[in-house]
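Written below as structure tokens is the structure these notes are about.
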Amino acid sequence: MFKYAKYTLFHMLTIPFAIGLTLGGDWMYLGLAAAAGFVILGDLLFGDDTVEPVYGHEWILNLQLYSSLVLIFAMNFLMVWTVADSDVLGYGALVQQLTGYDAAAARADNTLLQYVVAIFSCGLLSSVVGTIVGHELTHRTWDPVAMFIGRWLLAFSWDTGFSIEHVYGHHIYVSTVGDPATAPRGRNVYFHILASTWKGNISAWKLEKQRLQKKRLPVFSHHNLYIRGLLMSLLLEIAAFVMAGWIGVLVFTASALIAKAFLEIVNFMEHYGMVRNPKTPVQPYHSWNTNKRVSSWATFNLTRHSHHHAEGDVPFHKLRSYQDAPMMVNGYLTTIFLTLIPPLWNRIMVPKVLDWDRRYASAEELELAMEANKRSGIKEFMQQDYRELIVAKQAAMNKPAQAA
């Protein structure tokens, strides 16, 4: 049963967070410390997970995915509860009845720093519980239940447009200049968060507008999934206001924006610096991959991104590890923190991108890479000259044709 149980890891990561918010004070740091410490150290200590088991009870896996909607509601409820003046739904009274601890009174001593760390933790865990699972479920466009739950999960980060742009935009234009989510060489992560968010929402709106126009349906109507998604997030904001007034709205919005930022950071590191002609098929080497064990378990194999982009409709439990794909620096959370220090990121990734050019890029892609290098503004990129390598790769491609 372990092959099923390992995917409950992301459920477990929410427990220290919930305990910390309930106890208050310095315990509010527990969620971030436990999640970051366990995932980062786990990836460093426990190596790779390259097994590809067969699952005979897929309903168990679906239950694990669907249960994330309960978790994300509970996490955000607790986060907003900590700033409410009243004991919303009697949560504090229930804790006191069961344990004797006055959780409602403990809130009064929480400091601003403790709240900031807790909100950051809520955003991080919402990106794991909400965005990652929402990503998986909204790929199942044939399943109305999966789409319903997936879009509500994304509503907690004001990002239901992701279910449109990612499936019908990103997966078509990945690793090209036309893809908002692909970070070109030389871009830093902070600019990417803003640029990808803005352009991704514009792309989602355009894609939904085109869909409705083809069906001859009004754009500004209940048929518009983009507008309906915004209303879903707005409903959550109203719930936060009812619970805790404007401070509740502030807390929920901050957590949602942090969760969205984490999504764009992941987009940044999954395809950084890669190039592709949009007229050619997406290959496994057009995504940075990692098989780190704990990251894989905590993200429902999102780490196996090379296979995911080669076959976007394949569910997470059937993704292959692709050990010969281009590999990230380490697991997901480690890599996320590296992106936040652009000089360190460039020092590590520039050589990896250059190695990607030589090992994986086709002759045509090397020409695109040379153009990308010139635009990067980074000396190590701009100094590269691939003309001889292009000739060599063209010759290598022509040899089989000549032999035939």
Side-chain angles (χ1 to χ4, degrees), residues 43 127 131-132 135 162 165-166 169-200 260-278 282-292 295 299 302-310 322 325-362 365-366 368-384 386:
D43 282 337
S127 70
T131 307
I132 290 175
H135 163 261
F162 176 82
E165 201 287 324
H166 179 82
H170 175 62
H171 269 261
I172 296 172
Y173 299 109
V174 63
S175 297
T176 72
V177 294
D179 177 35
T182 297
R185 303 172 188 205
R187 176 180 286 182
N188 73 69
V189 71
Y190 301 102
F191 180 79
H192 184 76
I193 291 170
L194 298 175
S196 184
T197 298
W198 175 254
K199 292 180 180 179
K260 171 60 175 172
F262 272 114
L263 165 65
E264 297 302 350
I265 294 171
V266 170
N267 278 334
F268 177 85
M269 67 195 206
E270 284 175 339
H271 305 285
Y272 177 81
M274 293 180 168
V275 295
R276 180 180 67 88
N277 183 331
V282 179
Q283 300 294 336
Y285 70 81
H286 289 124
S287 304
W288 294 104
N289 200 64
T290 179
N291 295 315
K292 291 301 177 184
S295 281
T299 65
L302 181 68
T303 51
R304 298 181 175 184
H305 214 61
S306 291
H307 187 193
H308 172 65
H309 267 283
Y322 277 72
M327 291 293 170
M328 286 184 189
V329 179
N330 201 271
Y332 262 45
L333 202 51
T334 305
T335 307
I336 283 173
F337 287 131
L338 287 176
T339 69
L340 302 179
I341 310 172
L344 179 59
W345 174 257
N346 289 334
R347 185 173 181 179
I348 294 171
M349 286 302 297
V350 169
K352 286 182 72 67
V353 172
L354 295 177
D355 180 65
W356 182 89
D357 290 343
R358 296 184 179 92
R359 291 182 60 193
Y360 297 101
S362 65
E365 287 169 340
L366 283 172
L368 296 173
M370 287 180 65
E371 295 173 6
N373 287 341
K374 292 176 183 177
R375 295 190 298 266
S376 70
I378 295 178
K379 182 174 69 174
E380 291 85 348
F381 279 136
M382 298 172 72
Q383 290 175 338
Q384 301 301 313
Y386 292 145

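Worth knowing before you read on, the calculation uses all heavy atoms, side chains too, and leaves out hydrogens, waters and symmetry mates.
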Return the minimal non-hydrogen interatomic distance between Gly200 and Pro180, and the atom names on each side. N-CB, 3.9 Å

Give a yes or no on this: more than 12 heavy atoms of other residues, nucleotides or ligands lie within 6.0 Å of atom NZ of Lys199. no

Value for CZ (Phe268) from CH2 (Trp288), rounded to nearest 0.5 Å, stands at 12.0 Å

Residue pair Ala372 / Val275: nearest heavy atoms and the distance that separates them: CB-CG1, 4.3 Å

Hey, can you tell me if His309 and His305 have their rings parallel, tilted or perpendicular (30° and 60° cut-offs)? perpendicular

Identify the two heavy atoms, one from Gly273 and one from Val353, that lie closest to each other, and give their separation to 0.1 Å. O-CG1, 4.0 Å

Determine, stepwise, if the pair Met269 / Val266 fulfils side chain to side chain contact (heavy atoms under 4.5 Å, CB included). CA-CA 5 Å; Met269 67 195 206; Val266 170; 4.3 Å; yes

Please determine whether side chain to side chain contact (heavy atoms under 4.5 Å, CB included) holds for the pair Met274 and Thr182, giving the CA-CA distance in whole Å, both sets of side-chain angles, and the decisive distance to 0.1 Å. CA-CA 8 Å; Met274 293 180 168; Thr182 297; 5.5 Å; no

Apply salt bridge (Lys or Arg N to Asp or Glu O under 4.0 Å) to Lys292 and list each qualifying residue two or more places apart in sequence or on a separate chain. Asp48

For the CG atom of Asn277 and the OG1 atom of Thr176, what is their distance to the nearest 0.5 Å? 9.0 Å

Can you tell me if CZ on Arg347 sees more than 12 non-hydrogen neighbours from other groups inside 6.0 Å? no

Please give me the minimum heavy-atom distance between Phe381 and Gly186, naming the atom from each residue. CE1-N, 4.4 Å

Rounded to the nearest 0.5 angstrom, the OG1-CE distance for Thr290 and Met327 is 6.5 Å

Can I get a per-line list of side-chain donor-acceptor pairs under 3.5 Å for residues 328-341, giving both atom names and the distance, sequence neighbours left out?
residue : atom : partner : partner atom : Å
Tyr332  : OH   : Glu270  : OE2          : 2.8
Tyr332  : OH   : Leu302  : O            : 3.2
Thr335  : OG1  : Asn330  : O            : 3.4
Thr335  : OG1  : Gly331  : O            : 2.7
Thr339  : OG1  : Ile336  : O            : 2.6

Are His171 and His166 linked by a side-chain donor-acceptor pair shorter than 3.5 Å? yes

Indicate yes or no for a side-chain donor-acceptor contact from Asn289 to the backbone of Ser306 under 3.5 Å, with no hydrogens or angles considered. yes

So NE2 of His271 and CG of Asn267: to nearest 0.5 Å the spacing works out to 6.5 Å

For Ala325 and Tyr360, the nearest pair of non-hydrogen atoms, with its separation, is C-OH, 3.4 Å

To the nearest 0.5 angstrom, please state how far the CD atom of Glu371 sits from the CZ atom of Arg375. 6.0 Å

Does Phe262 reach the side chain of Thr131, with side-chain heavy atoms less than 4.5 Å apart? no

Pairs satisfying salt bridge (Lys or Arg N to Asp or Glu O under 4.0 Å), at least one member in residues 170-198, at least two apart: Arg185-Asp357

Could you check whether any side-chain heavy atom of Tyr285 comes within less than 4.5 Å of a side-chain heavy atom of Trp356, counting everything from C-beta outward? yes

Determine whether more than 12 heavy atoms belonging to other residues, nucleotides or ligands lie under 6.0 Å from atom OH of Tyr386. yes

Does the gap between the ring centers of His170 and His135 come in under 6.0 Å? no

With rounding to the nearest 0.5 Å, note down the distance linking OG in Ser196 to CD1 in Ile265. 11.5 Å

Leu354 versus Gln384, closest heavy-atom pair with distance: CD2-CG, 3.5 Å

